[in-house]
Number of protein chains: 2
Amino acid sequence: MEKLNDIIFYSIEKSIKTYRQFAQKNISKAGIEITIDQWLVLKTIEEDNSISQKDIATKTFKDVASITRIIELLVQKGYLSRNLKSQDRRRFDLTLTKEGNTIIDKMQPYIQINRTQALKNITDEEIKNLHSILSRITANIS
Amino acid sequence: MEKLNDIIFYSIEKSIKTYRQFAQKNISKAGIEITIDQWLVLKTIEEDNSISQKDIATKTFKDVASITRIIELLVQKGYLSRNLKSQDRRRFDLTLTKEGNTIIDKMQPYIQINRTQALKNITDEEIKNLHSILSRITANIS
DNA sequence: TTTATTTTATTGATATATCAATTATATTTG
DNA sequence: CAAATATAATTGATATATCAATAAAATAAA
């Protein structure tokens, strides 16, 4: 086999895994008790509180089954309230609680710092480039 | 929040998740009963059969605990044999069985096809670029 | 309107990720 | 050498990923 590092998919995987670990470690170190994935789902609901779980899944590149379980944890932790929608009883009304809003606010600066540090010496041009290439790869296999 | 798609980490995550699903689907469709992760570990051992589980973990960007479990499955499936090393009894000798070698061979063309299709309209220049940017991001947060 | 189909979400099973604690062995140090 | 330390791997607990099967409700079709 070609050298692992020469294979672009390993580079991609390595960077995203490293970023996730880095981000999670900073959050945990700050004493915030939430996972990156839980935050992502919470943030998605905050932005659009009429969104369906199916659409949360699509938006976060996750599976609907994972979303069900993550939401369950967010409800347990008291960050989210979940109630059947009267208009469509297959779906749920998802609303952030006060604690949910608080944790989102608390997270914001860390998210910012994480991104800034990760992209320290990368130009806007390069980011645009990265986007372009990655989206073509994604399109090729979708 | 900025649009999800504008955030480079989502692009990265999306592309690698899409690729994994695409690759796994093609493998399964071909009737090959192995996961991409199991294959990756098997392939790593094939390349260096004196490698430690710790080093397999590093090389595949995985956790040693995951490696233990993946190896357990590979042994169960009959693709790998595992024996204590006499020189260092904390470690194991890991050797591909005949079936292990067979499945590696069977996989090879699909791996090739998957990569080719994913990188269809991407130039060597762009891949080099991608490597460069991603490795700088990884370095920034390591 | 009854039946068929589609959509939304849940659940179970299995694989993997991560962290912490533990075990066994090897190496270093006093 | 004996004790302390370091290393390799395993195990348990919890979170997430994926697939398949199922349930419940909504919508479309007969």
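Bear in mind that the values here come from a model prediction, so they are computed numbers and not experimental data. So you know, we letter chains A, B, ... as the sequences are listed, proteins then strands, and number each from 1.
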*Not counting sequence neighbours, which residues clear salt bridge (Lys or Arg N to Asp or Glu O under 4.0 Å) with B:Arg90? List them please.*
B:Asp88
*With sequence neighbours excluded, what pairs up with A:Lys17 under the salt bridge (Lys or Arg N to Asp or Glu O under 4.0 Å) test?*
A:Glu13
_I'd like to know if A:Lys128 and A:Glu125 make a salt bridge, using a cut-off of under 4.0 Å between side-chain N and carboxylate O._
no
Please report, to 0.1 Å, the donor-acceptor pairs under 3.5 Å made by any side chain of residues 73-80 of chain A, with sequence neighbours excluded.
unit_1  : atom_1 : unit_2  : atom_2 : d
A:Gln76 : NE2    : A:Glu72 : OE2    : 3.4
A:Lys77 : NZ     : A:Glu33 : O      : 3.2
A:Lys77 : NZ     : A:Gln38 : OE1    : 2.9

*How would you list, by chain and number, every residue that makes a salt bridge (Lys or Arg N to Asp or Glu O under 4.0 Å) with B:Asp63, sequence neighbours excluded?*
none
*By salt bridge (Lys or Arg N to Asp or Glu O under 4.0 Å), which residues pair with B:Lys54, not counting sequence neighbours?*
none
_Partners passing side-chain hydrogen bond (donor to acceptor under 3.5 Å, both in side chains) against A:Asn101 (at least two apart in sequence or in another chain)_ = none
*Which comes earlier along DNA chain D counting from the 5' end, the contact point of A:Arg89 or that of A:Leu73, where each point is its nearest nucleotide?*
A:Leu73
*Identify, with sequence neighbours excluded, every residue that meets side-chain hydrogen bond (donor to acceptor under 3.5 Å, both in side chains) alongside A:Asp48.*
A:Ser50
Tabulate atom names and distances for all N/O pairs under 3.5 angstrom spanning the protein and nucleotides 4-11 of chain D.
unit_1 : atom_1 : unit_2  : atom_2 : d
D:dT7  : O2     : B:Arg90 : NH1    : 2.9
D:dA9  : OP1    : B:Gln53 : N      : 3.4
D:dA9  : OP2    : B:Gln53 : N      : 3.0
D:dA9  : OP2    : B:Lys54 : N      : 2.9
D:dT10 : OP1    : B:Arg82 : NH1    : 3.4
D:dT10 : OP2    : B:Gln53 : NE2    : 2.6
D:dT10 : OP2    : B:Thr68 : OG1    : 2.6

_Which residues pass the side-chain hydrogen bond (donor to acceptor under 3.5 Å, both in side chains) test with B:Thr58, not counting sequence neighbours?_
none
*For A:Tyr19, what residues pass the ring pair (Phe, Tyr, Trp, His ring centres under 6.0 Å) criterion, not counting sequence neighbours?*
B:Phe9
*Provide the start and end nucleotides, 5' to 3', of the part of DNA chain C that has atoms under 4.0 Å from heavy atoms of chain A.*
C:dT7 to C:dT18
*For DNA chain D, the residues among residues 20-35 of chain A that have a non-hydrogen atom under 4.0 Å from it*: A:Thr35
